[in-house]
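Values in this document were obtained by computation on a predicted structure and should not be read as measured data.
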Amino acid sequence: MSFCFKKKESVTKAVRRLCCERVDDALKLLKTGDHFDAVHDVRKEIKKLRAVLRLVRSGIGETAYAGATDALRGAAGRLNAMRDAQVRLAALEILVKNSNGRLPRKSMPKIQDALREDCQAEEKKLGKTVDSAKKFLVEARRQLGSLKVRPNNWNAVAPGLKKIYRRGRKAFALAKRQPSPEHFHAWRKRVKDLSNQLRLVCPARPARIKPRMENLEKLGDLLGDDHDLFMLGQFIGKQLKQLREKKPVEEIIAARQKKLRAEALELGAAFYTKNPKRFCRQLGDGWKSWRRRVG
């Protein structure tokens, strides 16, 4: 089912449905998923779940929020190493395509072999890590299926939406002022949260929100590519210390990151133009109008 609220659905019912659907989809993927693609998709479902919880955090209370979040964090943590190994290999392949032949040819086979060996090592652990992740997801579903949201209307959604937008603005400003990998990655998390949350409330104002959602998704992709390259660079720096032509590869990675970050900062400046209160109020007006509309 689509990842959004329904017009005639209470917030409590919507949150329970959305969360249980996401967990059920994740568990199905893990049943058939003895490969990395399934792990990637499961992690995406977990990110959606955590975005839902952050959206209604004030409405479900800290105890319920912490319990469900801990279970989801546990599941994601079991899958991170597998996904990171695949991401690094994919990042190298994309880097090769964008390098216009500037990468040193002698080094590429060694880097690729090292990354493939890393993937194979993680794949051998897949059975145990997947079983552990399943246990955390089953526990999360138990908690998520009984969530109660108070108040059962927009006022339960607004504080979370405002908070994530505000945190995104602050993270953008910090990444612009102090462009470190950690700050760009922290900004990326807030961008992904808001992107998922806008998908939830998009029926409230589809015509006005759609272009902004598209820009936010593009921003998330840019920041994601930057972080993937950062992880690739870390791997090369730590695991391939004796590689003769390591420096040219690291320089090309840095140049690509510089370009991605410049594009991301430009998009961020265009997106975070409204203050959090006004941003949230406009979405709320659209939401209430949509809920009152017949048909």
Side-chain angles (χ1 to χ4, degrees), residues 1-26 44-61 64-65 68-69 72 141 144-172 189-221 267-268 270-295:
M1 297 181 72
S2 58
F3 185 64
C4 63
F5 288 104
K6 295 179 180 179
K7 186 183 291 189
K8 300 301 180 182
E9 197 174 32
S10 70
V11 176
T12 291
K13 186 176 179 180
V15 168
R16 289 179 181 177
R17 172 182 61 80
L18 288 161
C19 288
C20 289
E21 285 175 358
R22 302 280 73 74
V23 175
D24 290 345
D25 284 351
K44 285 169 64 177
E45 296 298 339
I46 292 173
K47 287 178 182 178
K48 291 178 186 176
L49 280 161
R50 295 185 70 179
V52 175
L53 291 173
R54 289 188 177 109
L55 183 66
V56 295
R57 182 172 182 170
S58 66
I60 62 176
Y65 175 81
T69 298
L72 293 173
R141 196 191 193 290
L144 294 167
S146 59
L147 286 177
K148 293 182 180 180
V149 185
R150 295 288 184 271
N152 206 0
N153 53 36
W154 175 257
N155 291 332
V157 175
L161 193 61
K162 188 188 298 183
K163 182 177 181 179
I164 289 299
Y165 180 80
R166 183 187 297 114
R167 290 181 69 187
R169 286 184 90 199
K170 289 181 178 179
F172 158 65
K189 291 178 182 179
R190 304 292 75 83
V191 167
K192 294 300 289 185
D193 274 342
L194 185 60
S195 182
N196 280 322
Q197 290 174 352
L198 291 182
R199 287 179 63 190
L200 288 171
V201 302
C202 69
R205 189 168 292 193
R208 292 186 64 177
I209 201 66
K210 186 177 179 180
R212 301 200 75 186
M213 287 176 65
E214 290 174 350
N215 286 337
L216 196 64
E217 287 171 6
K218 183 179 178 182
L219 176 56
D221 290 341
L267 266 180
F271 182 84
Y272 294 106
T273 54
K274 297 178 182 177
N275 65 53
K277 186 175 181 180
R278 184 183 177 193
F279 176 81
C280 193
R281 184 177 65 246
Q282 289 184 340
L283 284 175
D285 290 343
W287 163 281
K288 293 167 188 174
S289 175
W290 169 66
R291 300 274 278 194
R292 287 194 301 264
R293 204 176 302 137
V294 177

To the nearest 0.5 Å, atom CG of Leu283 lies from atom NZ of Lys288 at 11.5 Å
Measure up the Tyr272 and Phe172 rings against each other and bin them: parallel (under 30°), tilted (30 to 60°), perpendicular (over 60°). parallel
Give the intermediate values and the outcome of side-chain contact (heavy atoms from CB on, under 4.5 Å) for residues Ile164 and Gln197. CA-CA 9 Å; Ile164 289 299; Gln197 290 174 352; 3.6 Å; yes
Does this structure show an ion pair linking Arg22 with Asp25, if we count only N-O contacts that are shorter than 4.0 Å? yes
Check whether any side-chain heavy atom of Val201 lies under 4.5 Å from a side-chain heavy atom of Trp290, and answer yes or no. no
Rounded to the nearest 0.5 Å, what's the gap from CD on Glu217 to CG on Asn196? Could you check? 9.0 Å
Under a 3.5 Å distance rule, please check whether Asn152 uses its side chain to pair with a backbone N or O of Ser10 as donor and acceptor. no
Could you tell me the separation between the OG1 atom of Thr69 and the CZ atom of Arg57, rounded to the nearest 0.5 Å? 7.0 Å
Does any non-hydrogen side-chain atom of Met213 lie less than 4.5 Å from one of Ser195? no
For salt bridge (charged side-chain N to carboxylate O under 4.0 Å, His left out), just list the numbers for Asp193 and Arg190, CA-CA rounded to whole Å, side-chain angles, deciding distance to a tenth of an Å, and then say yes or no. CA-CA 5 Å; Asp193 274 342; Arg190 304 292 75 83; 3.1 Å; yes
With rounding to the nearest 0.5 angstrom, report the CD to CZ distance, Glu9 to Arg17. 4.0 Å
Check: Lys189 and Arg167 side chains under 4.5 Å, non-hydrogen atoms: no
Please find the pair of heavy atoms, one from Cys20 and one from Arg141, that lie closest to each other, and give the distance. CB-NH2, 3.6 Å
Check whether any side-chain heavy atom of Lys218 sits under 4.5 Å from a side-chain heavy atom of Leu267, and report yes or no. yes
Close side-chain approach of Asn275 and Arg166, heavy atoms under 4.5 Å: no
Could you tell me the separation between the CG atom of Leu49 and the CD atom of Glu45, rounded to the nearest 0.5 Å? 7.0 Å
Gap separating the CG atom of Asp24 from the SG atom of Cys19, nearest 0.5 angstrom: 11.0 Å
Considering non-hydrogen atoms only, spot the tightest contact between Ala156 and Pro151 and give its length. CB-O, 2.9 Å
Return the orientation label for the Phe271 and Tyr165 ring planes: parallel under 30°, perpendicular over 60°, tilted otherwise. tilted
Is there a donor-acceptor pair closer than 3.5 Å between any side-chain N or O of Arg291 and the backbone N or O of Lys7? yes
Is there side-chain contact between Leu144 and Leu53, with heavy atoms separated by less than 4.5 Å? yes
Between Leu200 and Val52, what is the shortest heavy-atom contact and its length? CD1-CG2, 3.8 Å
Atom NZ of residue position Lys274 - does it have more than 12 heavy atoms of other residues, nucleotides or ligands inside 6.0 Å? yes
For Ala158 and Cys280, which heavy atoms make the closest approach, and how far apart are they? O-SG, 3.4 Å
For a quick test of reading the model, state the closest non-hydrogen atom pair linking Ser146 to Arg16 and the distance between them. O-NH2, 3.6 Å
Criterion side-chain contact (heavy atoms from CB on, under 4.5 Å) on Lys6 and Lys13, from CA distance to verdict: CA-CA 10 Å; Lys6 295 179 180 179; Lys13 186 176 179 180; over 6 Å; no
Is any side-chain heavy atom of Val191 less than 4.5 Å from a side-chain heavy atom of Leu216? yes
Please examine the side chains of Arg169 and Phe279, heavy atoms only from C-beta on, and report whether any two atoms are closer than 4.5 Å. no
